[in-house]
Enquirer: 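Below is a structure I'd like to ask you about.
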Amino acid sequence: MSWACQSRRGVAASTVPSLGSSRAVIFQALELFLQIFPSLGTMATLVFQALENGETDSMQEHYPFQAIETKWQQYWEDHGLFATDVSDATDKYYCLMMFPYPSGTLHVGHGRNYIIGDAVARYKKMRGCRVLTPMGWDAFGLPAENAAIKTGTHPRESTLNHIAAMKRQMRAWGCGYDWAREVTSCEPDYYKWTQWLFLKLYERGLAYKKEAAVNWDPVDQTVLANEQVLPDGTAERSGARVEKKMLSQWFFKITDYAQRLLDDLEKLDGWPERVKAMQENWIGRSEGARIDFPLVPRTDGVADREPAIPCFTTRVDTIYGCTYMVLAPEYPGLTELVAGSPQEAAVRDFVVTAGRLSAIERTTEGDKNGVFTGRYVINPYNQERIPLWVGDYVLLEYGTGAVMAVPAHDTRDWAFARKYDLPIRLSIQNPDGTLDLVTMEEAYVDDGVVVDSPPFSGEPNREAIPKMAAYAEEKGFGRAVVQYRLRDWLISRQRYWGAPIPIIYCDVCGLVPVPEEDLPVTLPMDVEFKPSGESPLKQHPDFQQVSCPHCGQPGRRESDTMDTFVDSSWYFFRYLSARDDHQAVDRARADKWMPVDQYIGGIEHAILHLMYARFFTKAMHDMGLVDCEEPFAHLFTQGMITKRSDQDGQLYKMSKSKGNVVSPDALIAEYGADTVRLYTLFIGPPEKEAEWNDAGVEGAYRFLRRVWRRVYLHRAWLPAARDLPIDPGTMQPAERALYRKLHESIQRITRDLEGAFHFNTAIAQIMELMNALDDIPVSADAPAAVRAVYRETLEAVVLLLSPFAPHIAEELWGELGHAPSILQADWPAVNEAALHRDEVEMVLQVNGKVRGRIQVAADADHAAVEEAALADKQVQKWIEGKTVRKVIVVPGKLVNVAVA
RNA sequence: GCUCGGGUGGCGGAAUGGCAGACGCGCUAGGUUGAGGGCCUAGUGACCGCUUUAGGUCGUGCGGGUUCGACUCCCGCCCCGAGCACCA
């Protein structure tokens with residue numbers, strides 16, 4: 001909807017809220033100011049004179065960003081411009097920022113996220129969309145609990161304080177949200193439903209408890225999911241070296257969804273390829289075969305628990321080259337396998353030594369150690385007896401924890417076989433037929449022809465793979481299988497500040513889920529934080545002691561809480577029914593509003609949060625809670641803002657420890673939020689990293705002041721110029737050119753904002769348009785056509801600028817005679833007629849080098865253009881004495897004369 | 001090793017196969033000012049030339065190729081960044 005022009009200045013002055021100062025006050029302030037700075041000169045004097053002459057009411061020459069910004073922030077709030085009625089989803093646009101953790105203070109790097117999101121939301125509103133932009137808090141988490149241990153302040157108190165501080169910062173940035181939908185994950189009205197979803201997952205077998213070797217963070221005193229351990233074996237959050245511990249823990253069965261999580265990536269056209277590739281890597285699907293190698297029975301007659309050892313391989317084609325088998329040191333049943341044998345002690349020692357290695361040492365490619373178990377297995381393809389080893393290069397977590405070793409065709413097996421002098425046998429020959437064990441210096445891992453593998457010899461190895469797997473299946477000792485790298489998501493945390501896992505342990509009934517009607521399991525507030533880091537829930541009798549919901553006998557509550565990534569895996573549904581105490585998600589609303597149209601956040605969540613949220617959405621779909629299967633239709637990951645550290649001159653992402661944090665507060669005080677926003681968006685392509693440069697902020701400030709001053713200078717006649725007719729047909733060349741430039745700019749800026757968010761080039765285009773505007777001399781006495789185009793252009797500049805610098809745009813929109821809010825105005829439309837040119841400039845090239853340029857009629861035909869080009873003086877000079885071979889004419893662009 | 005990005009002035013960065021360096025920062029000169037700041041004007045890739053007239057050569061990590069024409073497409077390298085990685 002667009003606001004029809006209401007009237008000229010009079011109405012504008014009364015409908016647009018004034019800056020709040022009476023003229024008398026301004027006079028006094030100015031006089032005082034001039035006494036202190038008697039030479040301030042022009043600017044102050046001009047304002048003074050203007051006021052005295054009664055020329056202006058409220059507009060100042062100086063750009064009063066402070067007053068404007070607070071005024072409009074208040075206005076947007078008071079008028080509910082970001083409140084959205086979700087009962088209607090016509091032209092819906094769900095624009096979501098990633099759930100922020102309330103750390104307390106935001107820096108300009110965080111700001112990039114909110115500013116991009118706000119610019120998108122404002123643009124979409126002006127395009128007529130029903131935009132939903134909610135905000136909330138990922139409010140559970142360790143930093144608050146660790147702080148409580150140090151300072152004694154309860155995490156809830158510090159968290160709520162941080163939330164209030166961050167809300168103030170977001171407001172100061174001019175970012176608008178539908179605060180009525182705010183959700184806070186640490187409050188019972190939210191975590192009740194996190195617990196409820198846990199119960200639903202439990203009912204479906206997707207939440208389960210098992211004893212497993214898990215990642216233990218000795219600093220944070222809790223277990224971690226695989227996704228929260230960095231490749232170097234340190235904890236993503238605390239930086240501590242992660243240890244392996246056998247513990248009984250809660251998991252979510254995300255592996256059940258591995259294939260769907262992989263397949264559906266293809267549907268996500270609106271996601272960056274990079275993120276999809278990262279998820280694909282993480283899921284790590286590999287196709288291969290599982291083959292059972294029967295154990296050669298023990299000589300002492302004791303039976304083995306399992307008669308065969310299964311192993312997974314992607315290279316079943318090389319199985320005739322298998323000369324030994326290796327088990328992981330943690331292989332279950334290993335002790336029984338070697339019990340009573342002469343190798344028992346050696347194996348036990350080896351397992352202990354390997355267990356002492358850190359995750360890094362174990363998983364870094366390098367020296368491989370192992371020991372013979374004294375046992376043998378049979379290769380089912382050729383009935384050969386091969387030795388069974390234990391080796392530290394075999395991981396229990398991948399495949400079956402057992403590897404068939406083919407040293408001739410696997411680099412790791414090669415190294416191991418060389419070290420322990422194990423036999424090596426060729427089973428793949430290279431295409432040249434030149435492979436020879438005597439001369440080989442490394443494993444041959446490429447393709448070739450299967451050899452010495454009856455009945456498969458002579459087959460190209462790729463073709464042999466399915467045939468050999470089928471053979472195993474037929475004979476009953478194996479089959480083709482798909483293996484994933486993705487493991488189940490470990491969600492237990494031995495910490496206080498999280499959603500309690502709603503489970504009760506009863507000596508009689510065992511593990512009993514808390515009945516739905518008893519939710520939420522509330523976190524007790526009267527707790528003591530101990531320096532040991534132990535969860536206060538462990539020692540809290542009122543919390544722990546509970547009677548079993550089944551039998552009424554005394555039971556004990558689970559004292560672990562859930563990983564905070566559980567909270568953030570479903571919050572985007574909760575925004576749609578944030579205050580609903582009867583259900584987690586209102587299905588009708590979710591079906592109308594989901595998926596999120598645009599999700600905006602940091603690349604650091606490419607795997608963790610985004611994978612978990614996709615899993616939750618699919619699980620919720622399968623439970624019949626929601627229709628959608630993918631939560632985020634379009635994902636935009638903005639690059640980090642870095643800054644050179646004063647300490648070592650290197651570029652880092654902003655962090656307190658590097659001393660390179662830029663706070664928005666001081667910048668907003670000095671330049672205003674609009675300047676900070678404009679600079680943040682102009683700094684570079686938003687998906688890429690960008691280096692913060694304080695000098696660049698000045699440029700943005702200068703530009704906004706320039707726009708302000710144009711409106712100020714012409715404020716006397718601009719609003720009235722609205723009634724002047726605009727007719728490109730009768731314009732003089734200069735206005736015609738400006739008018740064309742205006743519409744070219746609208747076209748370009750709109751294109752830059754649709755799809756890819758090219759804010760940097762969009763802003764550059766507005767700047768160019770302003771430069772063109774300044775080339776037109778204008779005043780109240782200028783011809784009507786000039787004033788009309790000038791006004792039209794300046795007004796468009798204000799509209800085009802408004803998603804980026806909304807406060808100044810609102811203010812100038814008022815000065816141009818419009819009623820607020822500019823958010824309700826229409827985005828400028830391209831006038832095709834304005835783009836038309838009668839004459840175009842064409843570049844003249846000779847052999848691809850620019851030699852001149854000519855003006856030709858826009859509709860000139862090929863022959864006419866060619867003739868004009870060849871007649872050009874410069875072209876003549878360069879083709880003189882040469883033979884013209886070819887003349888290429890690119891209509892409206894250039895002519896290239898090829899000569900020899 | 002595999003996968004994905006990227007390499008363009010002093011700097012951040014622009015360029016549906018068609019004028020390389022838009023826009024901004026910085027810098028230089030001039031104007032306004034008592035001065036400073038601010039603002040305005042002009043210039044600003046390198047090299048050569050232009051004392052009246054001005055243009056030329058080179059240039060987008062390196063080497064090839066396709067094309068009338070390549071920052072852009074293809075092939076082979078080098079370097080930087082990110083993710084995964086003793087994954088069988």
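Here the structure is a predicted model, which is why all the values come from computation and not from measurement. Numbered from 1 within each chain, the chains take letters A, B, ... in sequence-line order.
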Enquirer: Using a 4.0 Å heavy-atom cut-off across all strands, classify Val850(A) as base, sugar-phosphate, or nothing.
Expert: sugar-phosphate

Enquirer: Specify the residues of residues 876-888 of chain A, ordered by number, for which at least one heavy atom lies under 4.0 angstrom from an atom of RNA chain B.
Expert: Trp878(A), Lys886(A), Ile888(A)

Enquirer: Is it true that, when you exclude Arg487(A) itself, more than 12 heavy atoms of the residues, nucleotides or ligands shown sit nearer than 6.0 Å to its CZ?
Expert: yes

Enquirer: Tell me whether Glu768(A) is salt-bridged to Lys741(A), with the criterion being a basic N under 4.0 Å from an acidic carboxylate O.
Expert: yes

Enquirer: Provide, to the nearest angstrom, the distance between the CG atom belonging to Asn226(A) and the P atom belonging to C84(B).
Expert: 12 Å

Enquirer: Does a side-chain N or O of Arg412(A) approach OP1 or OP2 of C87(B) to a distance below 4.0 Å, or not?
Expert: yes

Enquirer: Identify, between Leu894(A) and Thr313(A), the residue whose nearest nucleotide on RNA chain B lies closer to the 5' end.
Expert: Leu894(A)

Enquirer: Quick one: is Lys849(A) getting a side-chain N or O under 4.0 Å of the A20(B) phosphate, OP1 or OP2?
Expert: no

Enquirer: Has Asn760(A) got a side-chain N or O lying under 4.0 Å from the OP1 or OP2 atom of C23(B)?
Expert: no

Enquirer: Take the protein atom CD of Glu442(A) and the nucleotide atom P of C86(B), then report the distance between them rounded to whole Å.
Expert: 20 Å

Enquirer: Looking only at atom C1', what distance separates A42(B) and C75(B), rounded to whole Å?
Expert: 47 Å

Enquirer: For RNA chain B, determine which residues of residues 695-705 of chain A have any heavy atom closer than 4.0 angstrom to one of its atoms, and list them numerically.
Expert: Ala695(A), Gly699(A), Arg702(A), Arg705(A)

Enquirer: Relative to the 5' end of RNA chain B, which residue comes earlier, His758(A) or Glu768(A), by the nucleotide with the nearest heavy atom?
Expert: His758(A)

Enquirer: Would you tabulate the nitrogen or oxygen pairs shorter than 3.5 Å linking the protein to nucleotides 2-4 of chain B?
Expert:
none

Enquirer: Checking all strands, does Asn771(A) fall into the base, sugar-phosphate, or nothing category for heavy-atom contacts under 4.0 angstrom?
Expert: sugar-phosphate

Enquirer: I'd like the P distance from G63(B) over to G9(B), given in whole Å.
Expert: 16 Å

Enquirer: Leu261(A) vs Ile254(A), test: side-chain contact (heavy atoms from CB on, under 4.5 Å). Steps then yes/no.
Expert: CA-CA 9 Å; Leu261(A) 288 167; Ile254(A) 192 170; 3.8 Å; yes

Enquirer: Give one of base, sugar-phosphate or nothing for Ile683(A), where a contact means two heavy atoms less than 4.0 Å apart.
Expert: sugar-phosphate

Enquirer: What's the CG-C1' distance between Asp392(A) and A88(B), to the nearest Å?
Expert: 15 Å

Enquirer: Distance check, C1' atoms only: A54(B) and C68(B), in whole angstrom units.
Expert: 27 Å

Enquirer: Would you kindly give the CE-to-P distance between Met611(A) and G83(B), to the nearest whole Å?
Expert: 15 Å

Enquirer: Pairs under 3.5 angstrom only: tabulate donor-acceptor contacts from the side chains of residues 841-853 of chain A to other protein residues two or more places apart or in another chain.
Expert:
from      : atom 1 : to        : atom 2 : distance (Å)
Asn847(A) : OD1    : Val899(A) : N      : 2.9
Asn847(A) : ND2    : Val899(A) : O      : 3.3

Enquirer: Roughly, in whole Å, what's the span from NZ in Lys893(A) to P in A20(B)?
Expert: 14 Å

Enquirer: Just checking, Arg677(A) and Tyr679(A): is the charged tip under 6.0 Å from the six-membered ring centre and within 45° of the axis?
Expert: no

Enquirer: Who pairs with Glu287(A) by salt bridge (Lys or Arg N to Asp or Glu O under 4.0 Å), at least two apart in sequence or on another chain?
Expert: Arg285(A)

Enquirer: Just the rounded figure in Å: distance from C1' of C23(B) to CG of Asp774(A).
Expert: 15 Å

Enquirer: Counting Watson-Crick and G-U wobble pairs only, both distances under 3.5 Å, name the nucleotide matched with A46(B), or none.
Expert: U57(B)

Enquirer: Within less than 4.0 Å of OP1 or OP2 of G26(B), is there a side-chain N or O belonging to Asn693(A)?
Expert: no

Enquirer: Between Tyr420(A) and Tyr324(A), does the ring pair (Phe, Tyr, Trp, His ring centres under 6.0 Å) criterion hold? Intermediate values first, please.
Expert: CA-CA 11 Å; Tyr420(A) 294 104; Tyr324(A) 61 101; 9.1 Å; no

Enquirer: Between G10(B) and G43(B), how far is it from one C1' atom to the other, in whole Å?
Expert: 16 Å

Enquirer: Taking only residues two or more places apart in sequence or in another chain, which ones pass ring pair (Phe, Tyr, Trp, His ring centres under 6.0 Å) with Phe682(A)?
Expert: none

Enquirer: With the criterion being N/O to N/O and under 3.5 Å, what pairs connect the protein with nucleotides 42-46 of chain B, and how long is each?
Expert:
none

Enquirer: Separation of Glu330(A) atom CD from C87(B) atom P, in whole Å?
Expert: 16 Å

Enquirer: Using the test side-chain hydrogen bond (donor to acceptor under 3.5 Å, both in side chains), find all partners of Trp389(A) that sit at least two apart in sequence or belong to another chain.
Expert: none

Enquirer: For Arg710(A), which residues count as a side-chain hydrogen bond (donor to acceptor under 3.5 Å, both in side chains) partner, sequence neighbours excluded?
Expert: Asp774(A)

Enquirer: Say whether Lys886(A) and Asn896(A), considering side chains only, have a donor N or O and an acceptor N or O under 3.5 Å apart.
Expert: no

Enquirer: To the nearest angstrom, how far is Ile283(A) atom CD1 from G83(B) atom P?
Expert: 18 Å

Enquirer: Taking only the P atom of each, what is the distance from A20(B) to U60(B) in whole angstrom?
Expert: 12 Å

Enquirer: Looking at residues at least two apart in the chain, or sitting in another chain, which of them share a side-chain hydrogen bond (donor to acceptor under 3.5 Å, both in side chains) with Tyr398(A)?
Expert: Ser286(A)

Enquirer: With sequence neighbours left out, what residues match Arg837(A) under salt bridge (Lys or Arg N to Asp or Glu O under 4.0 Å)?
Expert: Glu744(A)

Enquirer: By the rule that syn is within 90° of 0, classify the base conformation of G9(B) as syn or anti.
Expert: syn

Enquirer: Could you give the distance separating A70(B) and G17(B) at their C1' atoms, to the nearest angstrom?
Expert: 7 Å

Enquirer: How would you label the contact of Arg285(A) with the nucleic acid (heavy atoms, under 4.0 Å): base, sugar-phosphate, or nothing?
Expert: nothing

Enquirer: Could I get the full list of side-chain hydrogen bond (donor to acceptor under 3.5 Å, both in side chains) partners for Ser745(A), not counting sequence neighbours?
Expert: Gln765(A)

Enquirer: Less than 3.5 Å apart, any donor N or O on the side chain of Trp282(A) or Glu227(A) sitting next to an acceptor on the other?
Expert: yes

Enquirer: Students often get this wrong, so: under 4.0 angstrom with heavy atoms, is Asp410(A) touching a base, only sugar-phosphate, or nothing?
Expert: nothing

Enquirer: When the P atoms of A14(B) and G61(B) are considered, how many whole Å apart are they?
Expert: 15 Å

